[in-house]
Participant: 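Shown below is the structure under consideration.
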Amino acid sequence: MRGFLASSTGVTCAAALALPLAPPAAAATSSTPPATSPTARSEAHAPGGTQSLRLAPLARDRAPGTAEQGLRRQDVRQFSLVGVVWDSPATELHGRVEVRTRATATGTWSGWQELETHNADHAADPGTPESASGRIRGATAPLWVGESDGVEVRVRASDAPGTARSGPAAAPLPTGLRLELVDPGEAAPPPTNRARSEAEPSVLPARTALPARTARPARAARQRAEPHAGARPAITTRRGWGADEKLREKGFVYTKKVKTAFVHHSATGNNYRCSQAPSVIRSIYRYHVNSTGWRDLGYNFLVDKCGNIYEGRAGGVSKPVLGAHTLGFNANSMGIAVLGTYSSKKPSSAALKAIARLTAWKVGLYGMNPRGKTYLKSGGGNLYRKGRKVRLNVISGHRDGFATNCPGKQLYAKLGTARSKAAAYQGR
């Protein structure tokens, strides 16, 4: 996926995107990036782990920011997802990032695959505790490659948009480039506390409304007042996809309501089976938290190409959890990431149906019409200045709030269909 120009800057959507959660402000502001070694970093928590490999100049020029950096072909511990990070999230990577990997099962090497070199299009809003934590790094989108045990990477600089070439590399590469190799591991073991286990099923079954004996008075009244709320679809919980809850920061952050659903693609590629979706999500989760420094998975929900829906950021599937999915518009919205890359590939009808069912229910809880429009106040970004009230579709694409190609040309073109289906599910 290629980002397009906005203020002479190209960016793309990624990362990749649930129960939202937010850590206490003190924890968010005091945390620092985990220490890494020039070779490989093995995480203490299980299951899974991340190897962090420092990139080095590939040419004779070994000065910081040199025009080409990478790693020669080498053996590593098993991993399934790869990404590149760097020190400052304010620095854009103008250039091309490519990787080759060796499949564990066959020992064969893939061809060169390109990673999306986005920077700030998926992130917490400026000025929030999450964005000011001091842990955030610049990052490419992650790429799912399947079980692998060998890797080679090259990062080549190009001119920044709108600049004149002034030497071998008019736009030097960011400092602190590292290759992140993520092993999703196995699903986390179930809670030992029986009551907690019963309260957190692996899948929330579809249902039309909360049973009267458990519905809170305020919510029950809202459901009576909002006859157009769609039925809740089946949702695989964080426990269901194997989230290691020790990774994320504790606590939750909420906004007032959900007025808009921003649709994304994860840009992790389409080479996955639906049975592997939980592993893909565990990998994205680990990349968002450990590699890029976010408090939790950035997206509120994820959808695979078979139409399965997964809980993302922790905090409650029916609650207005603050995510980190659309820079400048995370408040009063939710982010839905369709696993895959849809710049040239069309999304499946099952995925579109899942988007429609999910949005019909979730925005319906807050009285929103999926075919309607609403206003959100910008928190700052490359399309709208901070504080500006922006009129948006209730179901919008990431590119509607930030200058990016996300959710890809093909998925974005199908959002009208998703709006119509969602409205129908609400009985409109």
Side-chain angles (χ1 to χ4, degrees), residues 16-21 47-48 184-216 219 223 229-248 252 258 261 263 266 272-286 296-321 323 334-340 347-365 418 421-422 425:
L17 27 96
L19 292 176
L21 55 110
E186 300 299 323
T192 55
N193 182 291
R194 181 178 178 183
R196 178 176 173 83
S197 178
E198 292 175 350
E200 298 178 355
S202 296
V203 177
L204 296 174
R207 68 183 183 194
T208 56
L210 291 174
R213 61 184 175 84
T214 60
R216 296 180 180 178
R219 182 174 299 165
Q223 287 173 336
R232 188 187 71 189
I235 300 172
T236 299
T237 63
R238 289 172 66 93
R239 181 188 173 203
W241 55 259
D244 182 352
E245 302 297 357
K246 298 188 300 295
L247 297 182
R248 64 175 175 83
F252 308 95
V258 176
V263 177
S266 64
Y272 72 93
R273 301 185 303 275
C274 291
S275 61
Q276 294 177 309
S279 293
V280 177
I281 295 170
R282 290 198 302 274
S283 297
I284 295 173
Y285 171 43
R286 194 173 287 273
D296 190 6
L297 186 63
Y299 307 113
N300 298 105
F301 296 93
L302 303 99
V303 172
D304 68 25
K305 56 191 175 185
C306 292
N308 301 305
I309 301 171
Y310 303 85
E311 176 185 22
R313 181 165 286 211
V317 294
S318 64
K319 296 181 180 180
V321 180
M334 69 173 182
I336 304 169
V338 181
L339 297 179
S348 68
S349 58
L352 292 173
K353 182 177 180 180
I355 293 170
R357 287 198 177 280
L358 176 59
T359 52
W361 165 69
K362 188 63 181 280
V363 304
L365 292 178
K421 287 182 177 291
Y425 289 137

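Hydrogens, waters and symmetry mates play no part in the numbers below; they use all other heavy atoms, side chains included. Each residue takes its place number in the sequence, starting with 1.
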Participant: Without swapping roles, check the side chain of S279 against the backbone of P184 for a donor-acceptor pair under 3.5 Å.
Facilitator: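 Flag not set: sc S279 to bb P184 has no pair under 3.5 Å.
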Participant: Rounded to the nearest 0.5 Å, how far does CZ of R273 lie from SG of C306?
Facilitator: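 That separation rounds to 11.5 Å.
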Participant: With heavy-atom distances below 4.5 Å as the criterion, would you say the side chains of I235 and W361 are in contact?
Facilitator: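 Touching, per the 4.5 Å side-chain cut-off.
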Participant: What is the distance from atom CG of N308 to atom CG of L302, rounded to the nearest 0.5 Å?
Facilitator: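 So the gap between those two atoms works out to 11.5 Å.
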Participant: Compare every heavy atom of Y272 with every heavy atom of L339, then report the nearest pair and how far apart it is.
Facilitator: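 So the two residues come closest at O-OH, 3.0 Å.
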Participant: In the structure I gave you, are the side-chain heavy atoms of F301 and K362 within less than 4.5 Å of one another anywhere?
Facilitator: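 They are in contact (side-chain heavy atoms under 4.5 Å apart), so the answer is yes.
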Participant: Is there a side-chain contact between P205 and R232 in this structure, where contact means two heavy atoms from C-beta onward sitting under 4.5 Å apart?
Facilitator: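 Side chain of P205 against side chain of R232, heavy atoms only: contact under 4.5 Å found.
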Participant: Is the number of heavy atoms from other residues, nucleotides or ligands within 6.0 Å of NZ (K421) greater than 12?
Facilitator: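 No.
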Participant: Considering non-hydrogen atoms only, spot the tightest contact between A422 and A356 and give its length.
Facilitator: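 Result for this residue pair: CB-O, 3.4 Å.
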Participant: Roughly how far, to the nearest 0.5 Å, is CZ of R286 from CZ of R248?
Facilitator: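 With rounding to 0.5 Å, CZ (R248) is 14.0 Å from CZ (R286).
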Participant: What is the distance from atom CG of L204 to atom CZ of R239, rounded to the nearest 0.5 Å?
Facilitator: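 That separation rounds to 11.5 Å.
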Participant: Rounded to the nearest 0.5 Å, what separation is found between the CG atom of L358 and the NZ atom of K353?
Facilitator: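 So the gap between those two atoms works out to 14.0 Å.
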Participant: V258 pairs by side-chain contact (heavy atoms from CB on, under 4.5 Å) with which of L365, V363, T359?
Facilitator: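 For V258, the side-chain contact (heavy atoms from CB on, under 4.5 Å) check succeeds only for V363.
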Participant: For A351 and V338, which heavy atoms make the closest approach, and how far apart are they?
Facilitator: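 Looks like CB-CG1, 4.2 Å.
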Participant: How close do C274 and P278 get, heavy atom to heavy atom, and via which atoms?
Facilitator: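 Between these two residues, the closest heavy atoms are O-CD, 4.0 Å.
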Participant: Indicate the atoms forming the closest heavy-atom contact of F252 with G315, along with that distance.
Facilitator: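 Closest approach of F252 to G315, heavy atoms only: CD2-CA, 3.1 Å.
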Participant: Is there side-chain contact between I284 and S266, with heavy atoms separated by less than 4.5 Å?
Facilitator: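 Answer yes - side chains close enough.
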Participant: Nearest 0.5 Å please: distance from the CZ atom of R282 over to the CG atom of L297.
Facilitator: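 Those atoms lie 13.0 Å apart.
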Participant: Minimum heavy-atom separation for Y285 to D244, with atom names?
Facilitator: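 Closest approach of Y285 to D244: OH-O, 2.9 Å.
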